[in-house]
Amino acid sequence: MPSPPLTIIPARLASTRLPGKPLADIAGRPMIVHVLEAALQAQIGPVIVAAAEQEICDAVTQAGGTAILTDPNLPSGSDRAWQAACLADPEGQHDIIINLQGDLPTFPPTALRAVLGVMDDPAFDLGTLVAPITSDEERDAPSVVKVACSFAAEQSHAPGLYFSRQPIPWGAGPLWHHVGVYAWRRTALARFVSLPPSGLEMRENLEQLRALEAGMRIGCTRMDTAPFGVDTPADLERARRMIGAQKS
């Protein structure tokens, strides 16, 4: 029987636009705890917060979760997730590692199960999520990463052929908003973090292009609506309003 996936939520306090972001209060609890609870509600396997600072570990453990302290100088969330996987599972019992961003406090647990489903197809080295783009503003915003992928009528998964901050592909048809949550085969993540940043990765500032340039195949699966990430004070206020309304 295959082992369950290990879900890892990288988190660090040194956000450029919103310092201390993981510990920001939303409806009486730190944002990282909201993300942790969403991952646990998916009920697909163990969940660990990979923290860059002890304060994040303390907040997670006080909420009943599991956290592991990682090197604060790691360059990316993928590196942090890999270090946490090696520390928490040195024997490599978990074949699939899910990297869930710690700034998605409204993330739906069903989407975590959906991205895990991509890994049922052995053609893919990693899986990720896409949602339909529904406005011109969303299409044109450089902060919204677009994916060139095409789903047949009954197809649940499709290869992601390119990722860009520009609207792609050209022509009539749906456009897809990339949601930066990944299910990795453990061997693929180990290889990925060993590679230097690639040319297209540095040009677009999108690390998933490193995987594509290295010949890895990325499978995409759909969700109805893209969850918004908290990157600015305005995003934080929006999350407080949304979650506060759900609690009332």
Side-chain angles (χ1 to χ4, degrees), residues 1-9 38-39 41-45 47 77-78 81-82 85 94-101 104 106-134 138-139 144-193 198 200-201 204 206-229:
M1 182 176 177
S3 62
L6 175 62
T7 298
I8 300 178
I9 308 169
Q41 287 169 18
Q43 297 183 329
I44 57 174
V47 180
S78 298
W82 175 245
H94 296 280
D95 297 326
I96 303 295
I97 297 168
I98 295 178
N99 182 346
L100 173 61
Q101 290 176 223
L104 299 173
T106 63
F107 189 78
T110 52
L112 213 57
R113 294 194 288 270
V115 74
L116 176 62
V118 178
M119 306 318 307
D120 291 338
D121 187 335
F124 296 124
D125 298 289
L126 62 151
T128 195
L129 295 163
V130 299
I133 288 176
T134 58
E138 187 179 11
R139 177 197 66 200
V144 174
V145 178
K146 276 68 73 169
V147 191
C149 61
S150 180
F151 294 89
E154 301 301 321
Q155 189 179 18
S156 58
H157 306 140
L161 301 179
Y162 193 70
F163 297 74
S164 180
R165 298 183 183 279
Q166 290 290 323
I168 55 171
W170 184 83
L175 294 177
W176 298 100
H177 179 152
H178 179 232
V179 179
V181 176
Y182 299 96
W184 288 89
R185 299 197 193 283
R186 191 186 187 100
T187 51
L189 181 56
R191 181 184 172 214
F192 176 83
V193 299
S198 67
L200 289 173
E201 173 188 2
E204 293 254 23
L206 297 173
E207 68 174 1
Q208 61 269 42
L209 294 176
R210 187 193 319 175
L212 289 181
E213 288 188 84
M216 299 184 198
R217 284 176 57 82
I218 303 176
C220 300
T221 192
R222 290 170 283 190
M223 59 189 302
D224 293 336
T225 305
F228 75 94

Open item on the list: Test of understanding: with side-chain hydrogen bond (donor to acceptor under 3.5 Å, both in side chains), list the residues that count as partners of Arg210, not counting sequence neighbours.
Closed with: Glu201
Open item on the list: Enumerate the salt bridge (charged side-chain N to carboxylate O under 4.0 Å, His left out) contacts for residues 171-186, please, sequence neighbours excluded, ordered by first and then second residue.
Closed with: Asp89-Arg186
Open item on the list: With a 3.5 Å distance limit and no angle check, can you tell me whether Arg191 reaches the backbone of Met216 through a side-chain donor-acceptor pair?
Closed with: no
Task: Minimum heavy-atom distance between Ile168 and Ala148, given as atom pair plus value - done: CD1-N, 3.8 Å
Task: For Arg165, side-chain hydrogen bond (donor to acceptor under 3.5 Å, both in side chains) partners two or more places apart - done: none
Task: Pro4 versus Gly45, closest heavy-atom pair with distance - done: CB-CA, 4.0 Å
- [ ] Quick one: list whatever passes side-chain contact (heavy atoms from CB on, under 4.5 Å) with Ala81, sequence neighbours left out.
- [x] Ile8, Pro10, Asn99
Task: Rounded distance [0.5 Å steps], CG in Leu126 versus CZ in Phe192 - done: 8.5 Å
Task: Heavy-atom closest pair, residues Val147 and Gly160 - done: CG1-CA, 4.1 Å
Task: Minimal non-hydrogen separation, Ala158 against Phe124, with atom names - done: C-CZ, 4.2 Å
Open item on the list: With heavy-atom distances below 4.5 Å as the criterion, would you say the side chains of Leu100 and Val47 are in contact?
Closed with: no
Task: Nearest atoms (heavy-atom pairs only) where Ala39 meets Leu112 - done: CA-CD2, 3.8 Å
TODO: Taking all non-hydrogen atoms of both residues into account, name the closest pair between Ala131 and Ala226 and its distance.
DONE: CB-N, 3.4 Å
Open item on the list: Enumerate the side-chain hydrogen bond (donor to acceptor under 3.5 Å, both in side chains) contacts for residues 216-229, please, sequence neighbours excluded, ordered by first and then second residue.
Closed with: none
- [ ] Sequence neighbours left out, what passes ring-ring contact (aromatic ring centres under 6.0 Å, His included) with Tyr162? Give chain and number order.
- [x] none
Task: Partners meeting side-chain hydrogen bond (donor to acceptor under 3.5 Å, both in side chains) with Glu213 (sequence neighbours left out) - done: Ser198
- [ ] Dump the intermediate steps for side-chain contact (heavy atoms from CB on, under 4.5 Å) on Val181 and Phe107, then the final yes or no.
- [x] CA-CA 10 Å; Val181 176; Phe107 189 78; 3.8 Å; yes
Open item on the list: Would you say that Leu189 contacts Tyr182 through its side chain, given a criterion of any heavy-atom pair below 4.5 Å between the two side chains?
Closed with: no
Task: Residues that Gln166 engages under side-chain contact (heavy atoms from CB on, under 4.5 Å), provided they are two or more places apart - done: Ser164
- [ ] Quick one: pull up CG in Leu104 and CZ in Phe228 and give me the separation to the nearest 0.5 Å.
- [x] 9.0 Å
Donor-acceptor contacts under 3.5 Å from residues 172-179 side chains, at least two apart:
from: His177; atom 1: ND1; to: Glu138; atom 2: OE2; distance (Å): 2.7
from: His178; atom 1: ND1; to: Gln208; atom 2: NE2; distance (Å): 3.3
from: His178; atom 1: NE2; to: Thr128; atom 2: OG1; distance (Å): 2.8

Task: Pairs satisfying side-chain hydrogen bond (donor to acceptor under 3.5 Å, both in side chains), at least one member in residues 145-160, at least two apart - done: none
Taking distance alone, no hydrogens or angles, what donor-acceptor pairs closer than 3.5 Å link side-chain atoms of residues 113-121 to residues at least two apart or in another chain?
from: Arg113; atom 1: NH1; to: Ala42; atom 2: O; distance (Å): 3.0
from: Asp121; atom 1: OD1; to: Ala123; atom 2: N; distance (Å): 2.9

